Amino acid sequence: MQKDQLLEYFGCQCCFCNVEIDRKTLSQDHLIPMNKTHLGLHAWGNVVPCCQRCNNEKQQKPWQVFIEEKAHIDDVERRKSLINSFVGDMRYDPALSLHKYADSLYEDVGAVATTLINLRYKQAEEAIKLLMTSNL
Ligand SMILES: [Zn+2]
């Protein structure tokens with residue numbers, strides 16, 4: 001999906017507050033924040049078009065809460081269902097649990113780091129040995 005299609009899906013409006021946006025003013029928000037705690041993905045269905053202001057204001061707030069602050073009271077439910085159908089159409093699964101992958105990734109990275117450190121240590125030891133024998 002391209003930026004234009006993303007804009008079109010939401011009628012060229014910020015998905016939270018309804019303000020008109022175009023390619024130039026388009027900002028992209030992650031419904032589920034991309035960080036170590038929330039593990040949202042930079043993937044269609046999690047990326048939604050919004051205005052710069054909403055992007056700055058939303059931060060880590062759940063979008064369902066944020067939209068109630070931003071959208072007109074009569075429009076909240078319509079906005080929510082538009083976002084929900086977008087997530088569905090893009091087949092993004094908000095319940096997808098990446099934590100088990102993330103946890104094992106951190107373990108693997110730790111093991112790799114230890115191996116590299118040990119390797120460097122051995123190389124340093126050998127370099128020192130060589131240096132000492134050449135000084136004899
Ligand atoms: Zn907005």
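Whatever order the structure lists them in is the order used to number ligands and atoms, beginning at 1. Residue numbers run from 1 in the order of the sequence given. Remember, predicted model here, so these are calculated numbers, not experimental data.
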Report task. For Asn35 and Gln60, test the side chains for any donor-to-acceptor distance below 3.5 angstrom and give the result as yes or no. Result ->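 There is such a pair (donor and acceptor under 3.5 Å, judged by atom type) between the side chains of Asn35 and Gln60.
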Query raised in the report: Got Arg120 and Leu116 here, is their nearest side-chain heavy-atom distance under 4.5 Å?
Result: no
Query raised in the report: Does Cys15 bring an N, O or S atom to under 2.8 Å of the Zn ion (ligand 1)?
Result: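 Checking the Zn ion (ligand 1) against Cys15, no N, O or S atom falls under 2.8 Å.
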Query raised in the report: Below 2.8 Å, any N, O or S contact between Cys50 and the Zn ion (ligand 1)?
Result: no
Query raised in the report: Cluster question for you: counting only ILVMFWY and a side-chain heavy-atom cut-off of under 4.5 Å, with indirect links fine, are Phe16 and Leu7 together?
Result: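 Per the 4.5 Å side-chain linkage, Phe16 and Leu7 are not co-clustered.
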Query raised in the report: Once rounded to 10°, what is the value of the angle centred on the Zn ion (ligand 1) between Cys17 SG and Cys54 SG?
Result: 110°
Query raised in the report: Just by modelled atom types, is the Ile21 backbone N or O under 3.5 Å from a matching donor or acceptor in the Thr25 side chain?
Result: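 Side chain of Thr25 to backbone of Ile21: no pair is present.
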